Amino acid sequence: MSEERSLNFIEEIIEKDLANGTHNGRVHTRFPPEPNGYLHIGHAKSICLNFGLAKKYNGKCNLRFDDTNPVTEDTEYVDSIMNDVRWLGFEWDELHYTSDYFTQLHDFAVDLIRKGLAYVDDSSAEEIAAMKGNIDRPGTNSPYRDRSVDENLELFAAMRAGKYADGEKVLRAKIDMGHPNLLLRDPIIYRIKHAHHHRTGDTWCIYPMYDFAHGQSDSIEEITHSICTLEFIHHRPLYDWCIEKLGIFPSRQYEFARLNLNYTVMSKRKLLQLVNEKHVSGWDDPRMPTISGMRRRGYTPEAIRKFAETIGVAKRENLIDIGLLEFCVREHLNKVALRRMAVLDPIKLIITNYPEGQTETLNAENNPEDENGGHREISFSNTLWIEREDFMENPPPKYFRLGKGLKVRLKHAYIVECEDYKTDENGNVTEVYCKYFPESKSGSDTSGIKVKGTMHWLDVATAKEAEIRLYDRLFKVENPAAEEGDFKDYINADSLTVIPKAYIEPALAEATEADRFQFLRIGYFALDKDSTSDKVVFNKTVGLKDSWAKEQKKG
RNA sequence: AGUUCAAUGGUGUAAUGGUAGCACAACAGUUUUUGGUUCUGUUUGUCUUGGUUCGAAUCCAGGUUGAACUACCA
């Protein structure tokens with residue numbers, strides 16, 4: 001059904017498993033976010049991968065909240081994550097929370113103690129860190145490492161019963177303090193936290209660590225292919241160790257390279273800082289690389305899914321050009337966005353030979369890319385708004401817009417020729433005077449006049465006002481996280497431009513947040529949630545390709 | 001420094017021992033009542049040194065470069 005396309009390395013693994021009859025041909029993945037922040041475009045890559053694989057191989061994909069740290073997690077994030085996954089176009093087969101497994105996880109820990117593979121350590125965090133050794137020096141055994149099984153059982157039960165304060169004791173796996181992989185030097189698997197959990201409340205005061213929760217949760221759900229990002233590659237031996245020692249369902253972990261986009265940051269910690277320190281208006285600020293930010297800005301799920309497919313999946317570190325994401329957004333919006341006219345920086349155009357007070361209604365197509373897109377009516381008169389940059393007093397060659405003696409077509413209307421203009425005391429152009437050619441009406445042009453340029457415009461009498469917000473990249477450098485010093489030093493101070501009073505077609509006043517528009521010759525726009533009945537606000541999603549701007553840059 | 005992973009045009013990603021392809025970007029045209037869109041064409045690449053082989057981007061060895069790992073975070 002789909003065109004020939006090569007497999008990524010994970011698909012190859014799956015197809016090999018399928019061919020070998022591993023798990024009886026069953027494919028089951030999961031997307032396991034921690035509910036401690038909003039999802040971003042990097043998560044979108046992972047979501048598309050995990051849910052996409054399940055769909056492709058007729059399998060299942062779970063959504064599982066990895067909520068083992070009560071102090072950072074919250075239901076606000078749970079709700080936003082579910083909303084974002086659905087908005088992207090995916091539905092989970094099973095919904096789980098790691099916290100639902102707390103009892104089983106606790107029993108796994110007891111099992112490990114019984115097998116002599118875990119012990120309670122009374123050392124402080126500092127002492128444990130000191131005994132850990134480092135990259136080129138082996139660690140040393142804890143003095144508590146050889147406690148008896150019975151003593152460990154008793155102590156762990158006391159930990160669970162709340163007999164100790166936070167940090168007083170931990171449960172550690174007994175592996176090898178000399179192991180070159182630091183994660184295998186007797187990792188902590190349970191810690192004491194007298195904290196309220198967003199789902200289990202005060203039932204527990206001990207919580208499992210990631211490494212003692214994630215793999216077992218995969219195993220409990222009989223996940224066949226547990227896909228995560230490269231930084232977890234060192235955790236895999238521990239993931240496998242737990243499964244092997246516990247003798248539970250053998251889920252397998254595979255790692256791929258996370259998405260990096262230039263001119264932005266992608267870590268939840270950094271995004272949280274931008275929000276908390278008010279560098280942006282919130283998690284859904286249209287400049288944020290979050291799903292909610294992109295949604296608010298006007299990106300579509302189709303565009304994001306296409307992007308995820310285009311960038312591929314591999315193990316090589318990457319830094320993807322934001323231009324590719326924008327290309328995917330334009331590509332989709334070009335097909336679906338309704339064409340409308342808007343003037344962002346207005347000056348008046350007065351048609352001197354068009355009768356004062358006369359109005360006519362013109363018919364304009366909604367989308368030239370869509371035959372069934374229909375038409376709308378727009379009004380025309382002798383006084384119009386046009387874009388300031390569409391007129392020049394001294395136009396250079398190849399300028400296909402207005403200037404004294406130059407002719408252009410007004411989109412869907414007539415051809416006009418500029419005869420004069422007026423400036424204010426500062427020399428700024430305020431009005432442009434043109435004559436129009438009555439026989440050049442769009443659709444019934446018998447004038448025989450050929451023009452190079454077509455401009456957008458608005459009838460002053462019927463145009464409505466709107467606030468328009470323009471966005472630029474949030475950072476001035478390609479990779480702020482890799483730069484010297486604080487990443488926030490590289491924030492682009494001009495990333496937001498607000499145009500308080502622009503003009504739009506009357507029909508646009510009725511827009512909803514679900515609509516997508518192309519403002520002719522400017523770019524794609526979507527209604528912002530800040531809109532009220534008196535004031536509509538539009539966000540610029542992304543600009544149109546502008547080959548004139550490029551031409552000018554060449555000088 | 002130890003361990004692990006990776007290295008293909010400017011950016012991504014294919015080629016699974018047999019013609020280095022695709023997308024974006026760039027450039028030149030084409031089309032166009034959006035300087036949008038469409039269509040066509042062009043430029044640019046296998047980290048390095050050896051080895052195996054009739055044949056290596058692919059396999060092997062050494063080197064180089066980059067990344068990750070030393071939270072009671074995930």
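Heavy atoms only: backbone and side chains are in, while hydrogens, waters and symmetry mates are out. In what follows, every chain begins at residue 1, and chains take the letters A, B, ... in the order their sequences are listed. These numbers come from a predicted model, not from an experiment.
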For [N], take OP1 and OP2 only and decide whether either is under 4.0 Å from a side-chain N or O of [X].
| X | N | result |
| --- | --- | --- |
| A:Lys550 | B:C27 | yes |
| A:Ser6 | B:U13 | no |
| A:Arg316 | B:U8 | yes |
| A:Arg191 | B:C73 | yes |

*hbond_proxy A:Arg401 side chain to B:G35 base (donor-acceptor, 3.5 Å cutoff)*: yes

_So for A:Thr454 and B:U34, does any side-chain atom that can act as donor or acceptor lie under 3.5 Å from a complementary atom in the base?_
no

Assign [X] to base, sugar-phosphate, or nothing according to its heavy-atom contacts below 4.0 angstrom with the strands shown.
| X | answer |
| --- | --- |
| A:Ile233 | sugar-phosphate |
| A:Tyr399 | base |
| A:Val313 | sugar-phosphate |
| A:Glu34 | sugar-phosphate |
| A:His456 | nothing |
| A:Ile415 | nothing |
| A:Phe232 | base |
| A:Asn134 | base |
| A:Ile135 | base |
| A:Ser267 | nothing |
| A:Ser123 | base |
| A:Phe327 | sugar-phosphate |
| A:His179 | nothing |

Whole angstroms only, please: what is the [atom1]-[atom2] distance between [X] and [N]?
| X | N | atom1 | atom2 | result |
| --- | --- | --- | --- | --- |
| A:His235 | B:A74 | NE2 | C1' | 8 Å |
| A:Glu317 | B:U11 | CD | C1' | 15 Å |
| A:Asn334 | B:U31 | CG | P | 20 Å |

*asked:* Taking the basic N atoms (NZ, or NE/NH1/NH2) and the acidic carboxylate oxygens, is any pair closer than 4.0 Å for A:Arg145 and A:Asp186?
replied: yes

*Using the criterion of both pairing distances under 3.5 Å for Watson-Crick and G-U wobble pairs, give all stems of 3 or more consecutive pairs involving RNA chain B.*
B:2-7 with B:64-69, B:10-13 with B:21-24, B:26-29 with B:39-42, B:47-51 with B:59-63

*Where each residue is assigned the nucleotide of RNA chain B containing its nearest heavy atom, which of A:Lys545 and A:Arg236 is assigned the position nearer the 5′ end?*
A:Arg236

*asked:* On RNA chain B, does the nearest nucleotide to A:Lys132 precede the nearest nucleotide to A:Leu544 from the 5' side, or the other way round? Give the residue.
replied: A:Leu544

*asked:* Pairing donors with acceptors under 3.5 angstrom, does anything connect the side chains of A:Ser226 and A:Arg30?
replied: yes

*Would you say the side chains of A:Tyr414 and A:Glu360 form a donor-acceptor pair under 3.5 Å?*
yes

*Is there a donor-acceptor pair closer than 3.5 Å between any side-chain N or O of A:Glu34 and the backbone N or O of A:Phe65?*
no

*Kindly say whether A:Val120 contributes a backbone atom to a donor-acceptor pair with the side chain of A:Arg147 at under 3.5 angstrom?*
yes

*Is the aromatic ring centre of A:Trp548 closer than 5.5 Å to the centre of the six-membered base ring of B:G35, with the two planes inclined by less than 30°?*
yes

*Side chains of A:Lys268 and A:Tyr38: does their closest heavy-atom pair fall under 4.5 Å?*
no

*Hey, does A:Ser99 have a side-chain heavy atom less than 4.5 Å from the side chain of A:Trp204?*
no

*Using atom P of each nucleotide, how far apart are B:C60 and B:U52 to the nearest Å?*
15 Å

